[in-house]
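So the structure is just underneath, and the comments pick up after that.
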Amino acid sequence: GAVGPGIDVAQGNPVGGVVDLALPRVNAVLGDQLQPLVLRDVTGRASAHHSPAFFEFATEGLQFTTGRGERWPGGNLWFRHEPAQDRMPETGAFRADRLDLGALGLIADRLPLGDALRKLLASRAPQGLVEQIELGWQGPADAPTRYQAKGRVVGLSVAGDTVGAPMAGRSRPPAATPGVRGLSAVLELDQAGGHAQLRIDQGALEFPGVFEEPLLPLDSATARAQWKINGEHIELTVPELRFANPDAEGTARATWHTADAARSASGSRFPGVLDLQGALTRAN
């Protein structure tokens, strides 16, 4: 293939550079415990800079095909990491547009993402296009002490948890983390809470361990949501929800918050306390 490199040198040492790529095949190992990352038809620009104070990496118009034939659609991303120094905590920042979650999931086990994030991508199998995202955090990336994020995603699908066996003395299995299909969202959040505008077209919600048939298909649904997090207490408000599927159509509003574990019959903060009010204009 073809590579057009440019290297930045400071005091005789390389500190960064930029490279234009046009390669029919790339085979790279990005960590001691990682499998080789095999890519085909790699085009675009990549740049990196580093010093004792920071590491920075960016791409422009990067496109490639994974070993399984999934095509990364291109787009730009920027990542910066600053290690802890003196009294300053570790920090990180990430920006991207046109980030294909399906393609990312296929190569996640070959990228140095951290075990927690890698396992999350494998278990949730996210699909969809992140049109724009901005992240910033303090502390380790997989366990930050402070963070903020905002973004826009289209066609998001995330699998729910597998339902486990019932706990001792109980007939029903515990409710698992829900999933979603066909979600478009605009959201903004930090460690104290956030808000979102949500829309589903020809998608579904998945409630493992809640309903006998966990998948709830939806022709359409729109909602506004906001949430607050104060230590272990979580509060969610949905002031407006509209939904329709082949069996029902209506509107609703809801509030939910975690329970007091000391008083809850389950001895846990979950499933929490739900106040749901709604009206059905059509139902079967």
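Throughout, numbering of the chain's residues begins at 1 and tracks the sequence.
- When all heavy atoms of A196 and L187 are compared, the closest pair comes out as CB-CB, 3.8 Å.
- Counting heavy atoms from C-beta on, the side chains of P246 and D219 come closer than 4.5 Å.
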E56 and R80: CA distance, side-chain angles, deciding distance, salt bridge (Lys or Arg N to Asp or Glu O under 4.0 Å) verdict:
CA-CA 4 Å; E56 191 172 281; R80 182 181 176 96; 2.8 Å; yes
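- Residue I7 places its CD1 atom among 12 or fewer non-hydrogen atoms of other residues, nucleotides or ligands, all under 6.0 Å distant.
- Note that CH2 of W227 and CG of L189 are 5.5 Å apart. Values are rounded to the nearest 0.5 Å.
- No side-chain donor-acceptor contact under 3.5 Å links S264 to the backbone of D260.
- In this structure, P126 and L121 have side chains that are in contact, with non-hydrogen atoms separated by less than 4.5 Å.
- Considering every non-hydrogen atom in both D161 and R124, the closest pair reads OD1-NH1, 2.6 Å.
- Judged by the 6.0 Å and 45° rule, R71 forms no cation-pi pair with F64.
- Taking 4.5 Å as the limit, some side-chain heavy atom of L280 sits within range of a side-chain heavy atom of F243.
- Atom OG1 in T255 sits 4.5 Å away from atom CG in D275 (nearest 0.5 Å).
- Side chain of D100 to main chain of G102: a donor-acceptor pair is present (N/O by atom type, distance under 3.5 Å, no hydrogens or angles).
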Check against side chain to side chain contact (heavy atoms under 4.5 Å, CB included), L21 and T43:
CA-CA 5 Å; L21 302 169; T43 60; 5.9 Å; no
After noting the C-alpha distance and the side-chain angles of R152 and E131, does the key distance pass the salt bridge (Lys or Arg N to Asp or Glu O under 4.0 Å) rule?
CA-CA 6 Å; R152 183 170 65 250; E131 291 188 334; 2.8 Å; yes
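- Side chains of I200 and V180 form a contact here, defined as non-hydrogen atoms less than 4.5 Å apart.
- With values rounded to the nearest 0.5 angstrom, R98 atom CZ is found 10.5 Å from N76 atom CG.
- L241 and L198 fall within a single hydrophobic cluster, where Ile, Leu, Val, Met, Phe, Trp and Tyr are joined by side-chain heavy atoms under 4.5 Å apart, directly or via other members.
- Shortest non-hydrogen contact noted between G155 and S184 is N-OG, 3.6 Å.
- Checked for salt-bridge contact, E240 and R224 meet the test: a charged N lies under 4.0 Å from a carboxylate O.
- Atoms NE2 and CZ, on H81 and F57 in that order, are 15.5 Å from each other to the nearest 0.5 Å.
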Criterion side chain to side chain contact (heavy atoms under 4.5 Å, CB included) on Q138 and E90, from CA distance to verdict
CA-CA 6 Å; Q138 291 183 1; E90 177 182 350; over 6 Å; no
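- A continuous path of ILVMFWY side-chain contacts below 4.5 Å connects W137 to I229, so both sit in one hydrophobic cluster.
- We find the CG-NE2 distance between N230 and H257 to be 13.5 Å, quoted to the nearest 0.5 Å.
- Side-chain atoms of Q277 and R253 form a donor-acceptor pair, as typed in the model, at a separation below 3.5 Å.
- For R110, the CZ atom counts as densely surrounded, since its 6.0 Å shell holds more than 12 non-hydrogen atoms of other residues, nucleotides or ligands.
- Between the NE2 atom in H195 and the NZ atom in K150 there is a gap of 10.0 Å [rounded to 0.5 Å].
- Linking ILVMFWY residues whenever their side-chain heavy atoms come closer than 4.5 Å, directly or via other members, leaves V18 and V9 in distinct clusters.
- Heavy atoms of other residues, nucleotides or ligands lying less than 6.0 angstrom from CZ of R282 number more than 12.
- Between W256 and F270, the ring-plane angle classifies as parallel under the 30° and 60° cut-offs.
- Closest of all the heavy-atom pairs between A53 and Q85 is CA-NE2, 3.2 Å.
- In this structure, V26 and L37 have side chains that are not in contact, with every pair of non-hydrogen atoms separated by 4.5 Å or more.
- Under the 3.5 Å distance criterion, the side-chain polar atoms of N245 are matched with a main-chain donor or acceptor of P217.
- No path of Ile, Leu, Val, Met, Phe, Trp and Tyr side chains, each step under 4.5 Å between heavy atoms, connects L129 with L135, placing them in separate hydrophobic clusters.
- The closest donor-acceptor contact from the side chain of Q191 to the backbone of Y147 lies under 3.5 Å.
- No continuous path of hydrophobic side-chain contacts links F94 to W78 [ILVMFWY only; heavy atoms under 4.5 Å].
- For the pair R199 and T222, the tightest heavy-atom approach, listed with the atom from each and the gap, is NH1-CG2, 3.2 Å.
- Closest approach of L39 to T66, counting heavy atoms only: CD2-CA, 4.2 Å.
- For R146, the CZ atom sits in a loose shell: 12 or fewer heavy atoms of surrounding residues, nucleotides or ligands are nearer than 6.0 Å.
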